[in-house]
Amino acid sequence: GLLAGCSIAANYHSPKCKVFGVEPEAGNDVQQSFRTGKRVTISVPDTIADGAQTLCVGSLTFPIIQRYVEDILTVTDDELCKQMRFFMERMKIVVEPTGCLAAAA
């Protein structure tokens, strides 16, 4: 829902803005759905990004994503860990893995 809503808002305020979604490589149901043009269901993904352990993109949000999102990117758990470490060491903040998805991409 967050990606769909943000993409609608971005398109409204700046129609030329390109919006990209990011999800864990191990749980890329949205990427698979986006690339095939139909909703894909996966098994529970084994990823540290537990807030992004979705099994299938929503039926209401998928058409919005198809219309307003440029592409869906993925990141590995290793990339998430590196981004978490960066936030901790350089910015002195603790960010949970799902919160690191966009920055890791």
Side-chain angles (χ1 to χ4, degrees):
L2 181 61
L3 176 58
C6 288
S7 65
I8 289 172
N11 182 266
Y12 175 80
H13 291 290
S14 182
K16 293 182 181 180
C17 177
K18 293 183 179 182
V19 176
F20 294 83
V22 184
E23 62 184 346
E25 183 178 74
N28 67 337
D29 59 298
V30 181
Q31 184 185 60
Q32 289 182 50
S33 299
F34 190 81
R35 302 245 166 103
T36 63
K38 61 181 181 177
R39 293 172 62 226
V40 172
T41 300
I42 62 171
S43 299
V44 177
D46 184 19
T47 176
I48 62 169
D50 60 339
Q53 287 181 317
T54 58
L55 306 182
C56 184
V57 64
S59 60
L60 298 177
T61 57
F62 185 51
I64 297 168
I65 291 169
Q66 288 179 298
R67 180 173 178 181
Y68 295 113
V69 174
E70 185 74 17
D71 198 9
I72 306 295
L73 311 174
T74 62
V75 294
T76 64
D77 280 0
D78 186 52
E79 291 169 318
L80 287 173
C81 288
K82 288 177 183 175
Q83 189 61 47
M84 290 170 61
R85 175 169 286 156
F86 173 84
F87 281 138
M88 194 177 317
E89 291 176 350
R90 301 292 176 97
M91 302 181 79
K92 309 302 184 211
I93 58 174
V94 177
V95 181
E96 60 98 16
T98 306
C100 291
L101 282 167

Straight-line distance of Thr47 OG1 to Asn28 CG, nearest 0.5 Å | 11.0 Å

Give the minimum heavy-atom separation between Ala49 and Leu80, together with the two atoms involved.
-> CB-CD1, 3.8 Å

Exercise: identify the closest heavy-atom pair between Val57 and Arg39 | O-NE, 2.8 Å

Side-chain heavy-atom pair Pro24, Leu101 within 4.5 angstrom cut-off | yes

Applying the 4.5 Å side-chain criterion to the ILVMFWY set and letting contacts propagate, would Val95 and Phe86 be lumped into a single cluster?
-> yes

Which value, rounded to the nearest 0.5 Å, describes the distance between Thr61 atom OG1 and Leu3 atom CG?
-> 8.0 Å

Is it the case that one hydrophobic cluster holds both Val94 and Phe87, taking links as side-chain heavy atoms less than 4.5 Å apart, direct or via other members?
-> no

How many angstroms lie between CD in Glu70 and CD1 in Ile65, if you round to the nearest 0.5 Å?
-> 14.0 Å

Nearest heavy-atom contact between Ala105 and Leu73 is CB-CD1, 4.3 Å

Indicate the atoms forming the closest heavy-atom contact of Glu79 with Val75, along with that distance.
-> OE1-CA, 3.2 Å

Ignoring hydrogens and geometry, is there a side-chain-to-backbone donor-acceptor pair from Asp29 to Ile42 under 3.5 Å?
-> no

State yes or no: do Val19 and Phe34 share one hydrophobic cluster built from I, L, V, M, F, W and Y residues joined by side-chain heavy-atom distances below 4.5 Å, directly or via other members?
-> yes

Between Val40 and Gln32, what is the shortest heavy-atom contact and its length?
-> CG1-OE1, 3.4 Å

Donor-acceptor contact below 3.5 Å, side chain Glu23 vs main chain Ile72 = no

Taking all atoms of both residues into account, what is the closest heavy-atom pair of Gly37 and Gln66, and its distance?
-> O-NE2, 3.6 Å

dist Met84:CE -> Glu96:CD (nearest 0.5 Å) comes out at 8.0 Å

Find out if a path of hydrophobic residues (ILVMFWY) with successive side-chain heavy-atom gaps under 4.5 Å connects Val30 to Val69.
-> yes

Output the distance between atom OG1 (Thr76) and atom NZ (Lys82), rounded to the nearest 0.5 Å.
-> 7.0 Å

Around atom CZ of Arg35, are there more than 12 heavy atoms of other residues, nucleotides or ligands at under 6.0 Å?
-> yes

